[in-house]
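Single-structure report; data block below.
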Amino acid sequence: MRTSQFPLNTVKETPADAEIASHQLMIRAGLIRKLAAGLYTWLPLGLRVMRRVEKITRAEMEKAGALEVLMPALQPAELWQETGRWEQYGPELARLKDRHDRDFCLGPTHEEIITDLARNEIKSYKQLPITYYQIQTKFRDEIRPRFGIMRSREFIMKDAYSFHLNQASLQETYEVMYQAYSNIFNHLGLKFRAVIADSGSIGGAVSHEFHVLAESGEDAIAFSTVSDYAANIEKAEAVMPGGSPKAASAELTLIDTPNQHSIEEVCRFLNIAPAQCLKTLIVKGEEDALVALLLRGDHELNTIKAEKIDGIASPLAFANDEEISLACNCKPGSIGPIGLTIRIIADRSVALMSDFVCGANQDGKHYTGVNWERDLPLPAQIEDIRTVVEGDICPDGQGKITLARGIEVGHIFQLGTKYSAAMKAGVVNEAGKNQIIIMGCYGIGISRVVAAAIEQNHDEKGIIWPSNLAPFQVAICPMNMHKSARLKDASEKLYQDMLNAGIDVLFDDRKVRAGFMFSDMELIGIPHCIVIGDRGLDSGTVEYKARTAQGNEEVAFADIIDFLKAKLI
RNA sequence: CGGGGCGUAGCGCAGUUUGGUAGCGCACUUGCAUGGGGUGCAAGGGGUCGAAGGUUCAAAUCCUUUCGUCCCGACCA
């Protein structure tokens with residue numbers, strides 16, 4: 001391709017509304033243009049990159065035995081009403097009416113549609129297992145679209161759905177897909193982690209997210225320093241610490257702590273460490289009941305874990321000051337478990353505390369030297385309700401927890417029968433009886449992968465594409481070609497030779513200055529650049545520069561094709 | 001949904017406080033020069049100042065309403 005026929009649309013100025021590097025660079029490099037909030041047009045250069053992601057994804061899906069289909073983005077409300085999601089999905093579901101005033105939505109996902117397909121097309125267990133996939137546009141009317149293509153209202157997703165007679169078959173396909181996903185992200189050249197994930201409202205026992213590692217990622221993930229263990233921090237288990245509390249060495253003492261409310265304030269006031277404090281949080285339970293959650297002062301409540309406990313309101317809600325005053329006879333900041341009559345749930349690490357400090361349920365007073373059993377009974381219910389921190393013991397017992405940030409680009413679920421049961425999708429089994437089919441579902445945010453790749457691979461000059469994602473592998477940059485017929489001939493020959501050799505090359509035949517050309521090629525992240533000039537022609541050489549390298553190297557003109565082929569393997 | 005910011009040429013911005021009929025940089029067009037890291041000089045084209053209503057002799061500027069957009073949070077999952 002020639003730049004004279006493939007306009008680059010690069011811009012020098014960073015758009016005012018782009019916050020993160022990938023968003024800024026996608027606009028500057030001319031990959032996308034904004035139409036409205038959360039809606040983007042893909043320009044030729046950007047689409048070329050997205051097609052690379054699709055191609056690699058498709059190849060692995062086919063290898064995994066999945067069959068490509070294409071389902072409508074416009075979907076009738078009836079199917080969504082069958083599963084109850086027409087009501088449940090909320091305003092994020094883009095709804096509309098047709099001219100006959102019938103309800104439709106623009107699909108945010110396709111469980112209902114594929115399940116409808118399955119119940120109509122799959123009649124016998126002999127047709128199972130089967131996996132369908134598609135690469136298609138999804139619509140989610142996000143409350144707050146942001147970060148460009150990263151969280152947009154319309155985006156491209158690869159979604160796959162598998163159907164099974166039994167759990168063992170689902171497990172088998174799940175593992176195949178897990179491997180296919182790993183292959184995809186490896187081929188894309190991205191540093192990623194597969195992590196144990198919360199399956200949320202989608203349900204099912206098993207779920208993994210695939211995260212591209214990047215500092216700017218919206219999710220925190222926890223993984224082991226030595227083993228394969230990795231989990232979303234929402235889901236990472238804080239294990240029960242071994243041992244028993246140290247013996248009490250201090251007397252229970254009621255002290256004045258005027259105007260000391262937060263853990264931080266109390267610690268400074270008493271000159272103790274946060275780990276020596278007990279944090280008491282009051283949250284809403286069921287039917288107006290309140291529940292006290294006890295955490296070590298240096299730990300944070302994990303709301304996902306807490307709201308899964310029976311009797312705690314989901315979504316989690318904190319009690320207000322009034323409700324706290326009624327239940328504890330004091331304001332927040334002086335709450336503690338001693339004498340508390342509401343239900344108490346303690347975090348696992350709390351059980352090992354001794355000689356600790358906690359609120360006294362009297363404004364401006366705390367207890368010091370508190371010890372379980374001697375001063376108050378250990379709470380009957382001990383649960384894992386905190387977020388893991390760096391250095392925690394890994395749940396599999398091997399190594400310690402390290403934290404990193406990631407961008408969720410893939411998510412796989414073992415759905416079970418949630419949709420197939422609601423929509424009565426069954427097959428006749430070997431015994432001739434009707435049986436509800438079991439489902440799995442598997443998604444990759446194709447357009448988000450493009451942004452995530454940039455987020456992970458860029459520098460101050462622009463994008464640094466991993467080889468398999470680059471819109472072009474090689475750029476030819478001739479120096480002042482319009483002034484030298486000899487150079488023009490040599491450049492054209494080099495271009496043709498590369499095309500003939502099957503090299504994906506962008507020939508910059510614009511009449512622009514060297515610096516302009518280099519800056520553009522670096523901004524759009526072409527991995528390999530060949531600089532050809534009269535100077536080199538005299539000695540029969542061209543210059544080669546890798547996007548990631550500092551300097552150039554000279555290569556004989558005659559050898560350049562072989563040289564590049566070796567680089568491109 | 002709550003809080004805050006911003007809407008002036010394709011992009012980035014000044015001008016709004018104190019009302020007088022719109023400007024700068026980039027980009028674009030043309031010419032000359034330059035020619036290995038976003039070059040220089042000159043000439044040019046392009047804007048109902050987000051929209052509607054109001055105040056005024058006069059509104060980008062003041063008032064009201066409204067729309068869009070971005071950030072923070074909540075909600076949703």
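Predicted model only: the values in this text are computed from it and were never measured. Throughout, protein chains are lettered first and strands after them, A, B, ... in sequence-line order, and every chain is numbered starting at 1.
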P gap between B:rC11 and B:rG73, integer Å:
28 Å
Can you figure out which of B:rC72, B:rG36, B:rG12 approaches the side chain of A:P15 most closely?
B:rG12
Any donor-acceptor pair under 3.5 Å linking the side-chain atoms of A:D159 with those of A:Q134?
yes
Which residue, A:A37 or A:R535, contacts RNA chain B at a nucleotide closer to its 5' end, judged by nearest heavy atom?
A:R535
Let's test this: given Watson-Crick or G-U wobble pairing with both distances under 3.5 Å, identify the partner of B:rC41.
B:rG31
Under 4.0 Å, counting only non-hydrogen atoms across every strand here, what does A:N480 touch: a base, just sugar-phosphate, or nothing?
base
Expressed in whole Å, how much space separates the P atoms belonging to B:rC76 and B:rG4?
23 Å
Does a donor on one side chain sit under 3.5 Å from an acceptor on the other, for A:E112 and A:Q75?
no
Testing B:rU34, B:rC13, B:rC11 for proximity to the side chain of A:A16, the answer is B:rC13
A:I143 side chain: which of B:rG36, B:rG38, B:rC75 is closest?
B:rC75
Looking for any heavy atom pair under 4.0 Å, which part of the strands does A:V512 touch: base, sugar-phosphate only, or nothing?
nothing
Have A:T109 and A:E111 got a donor and an acceptor in their side chains that come within less than 3.5 Å?
yes
Return the nearest nucleotide to the side chain of A:E19; candidates are B:rC71, B:rG25, B:rA27.
B:rC71
Please tell me which of the listed nucleotides, B:rG38, B:rC71, B:rG36, lies nearest to the side chain of A:L523?
B:rG38
Between atom CE in A:M150 and atom P in B:rC71, what is the gap in whole Å?
13 Å
Scanning all shown strands, the Watson-Crick or wobble mate of B:rC76 with both distances under 3.5 Å is none
Mate of B:rA60 across any strand shown (Watson-Crick or G-U wobble, both atom pairs under 3.5 Å) is none
Of all the nucleotides listed (B:rG35, B:rC71, B:rG36), which has the minimum atom distance to the side chain of A:R144?
B:rC71
Protein-nucleotide distance (A:I27, atom CD1; B:rG10, atom P), rounded to Å:
16 Å
B:rC28 to B:rG38 separation - P atoms, rounded to the nearest Å:
16 Å
Rounding to the closest angstrom, what is the interatomic distance between B:rA33 and B:rG20 at atom C1'?
43 Å
Please determine, for the side chain of A:R153, which listed nucleotide (B:rG37, B:rG38, B:rU69) has the closest atom?
B:rU69
Output the rounded distance in Å from CZ (A:R146) to P (B:rG5).
20 Å
Quick one: which of B:rG38, B:rC70, B:rG36 gets closest to the side chain of A:R28?
B:rG38
Would you say A:K34 reaches B:rC70's phosphate, i.e. side-chain N/O to OP1/OP2 under 4.0 Å?
yes
Go nucleotide by nucleotide along RNA chain B from the 5' end; which of A:P145 and A:P91 gets its closest nucleotide reached first?
A:P145
With A:D520, the salt bridge (charged side-chain N to carboxylate O under 4.0 Å, His left out) member among A:K12, A:K461, A:R510:
A:R510
A:R85 CZ to B:rC76 P: how many Å, rounded?
17 Å
A:K483 side chain: which of B:rG35, B:rC71, B:rU69 is closest?
B:rG35
Using the ring of A:W80 (Phe, Tyr or Trp, six-membered ring only), decide whether A:R95 places NZ or CZ under 6.0 Å from its centre and within 45 degrees of its axis.
no
Determine whether a donor-acceptor pair (one donor, one acceptor, N or O, separation below 3.5 Å) exists between the side chain of A:D520 and the base of B:rG38.
yes
Please determine, by modelled atom types, if A:E455 and A:S216 share a side-chain donor-acceptor pair under 3.5 angstrom.
yes
Checking B:rG36, B:rU39, B:rG37 against the side chain of A:K545 (C-beta onward), the nearest is B:rG37
Measuring centre to centre across the rings, with the benzene-like ring taken for any Trp, is A:Y161 within less than 6.0 Å of A:Y132?
no
C1' atoms of B:rG46 and B:rG3, separation to the nearest Å
39 Å
Lys NZ or Arg CZ of A:R48 over A:F472 ring: under 6.0 Å, within 45°:
yes
Assign A:E522 to base, sugar-phosphate, or nothing according to its heavy-atom contacts below 4.0 angstrom with the strands shown.
base
Just name whichever nucleotide pairs with B:rA51, Watson-Crick or G-U, keeping both distances under 3.5 Å, else none.
B:rU65
Are A:R193 and A:F210 in a cation-pi setup, meaning NZ or CZ lies under 6.0 angstrom from the ring centre and within 45 degrees of the ring axis?
no
Write down the distance between CZ (A:R33) and C1' (B:rU69), rounded to a whole number of angstrom.
18 Å
Whole-Å P distance, B:rG25 and B:rC41
10 Å
Touch class at under 4.0 angstrom, heavy-atom based, for A:G533 against every strand present:
base
With rounding to whole Å, what would you report as the distance between B:rG68 and B:rC49 at their C1' atoms?
15 Å
Given atom CG of A:N9 and atom C1' of B:rA27, what is their separation to the nearest angstrom?
12 Å
Between B:rU56 and B:rU61, how far apart are the P atoms? Round to whole Å, please.
16 Å
Taking any strand in view, what nucleotide pairs with B:rC24 in a Watson-Crick or G-U wobble way, both distances under 3.5 Å?
B:rG12
Tell which nucleotide pairs with B:rU17, taking only Watson-Crick or G-U wobble pairs whose two distances are both under 3.5 angstrom.
none
Within this structure, what is the NZ-to-C1' distance between A:K511 and B:rU30, rounded to whole angstrom?
12 Å
Using a heavy-atom cut-off of under 4.0 Å over every strand shown, decide if A:H23 touches base, sugar-phosphate, or nothing.
nothing
Interatomic distance, A:L8 CG vs B:rA27 C1' [rounded to whole Å]:
15 Å
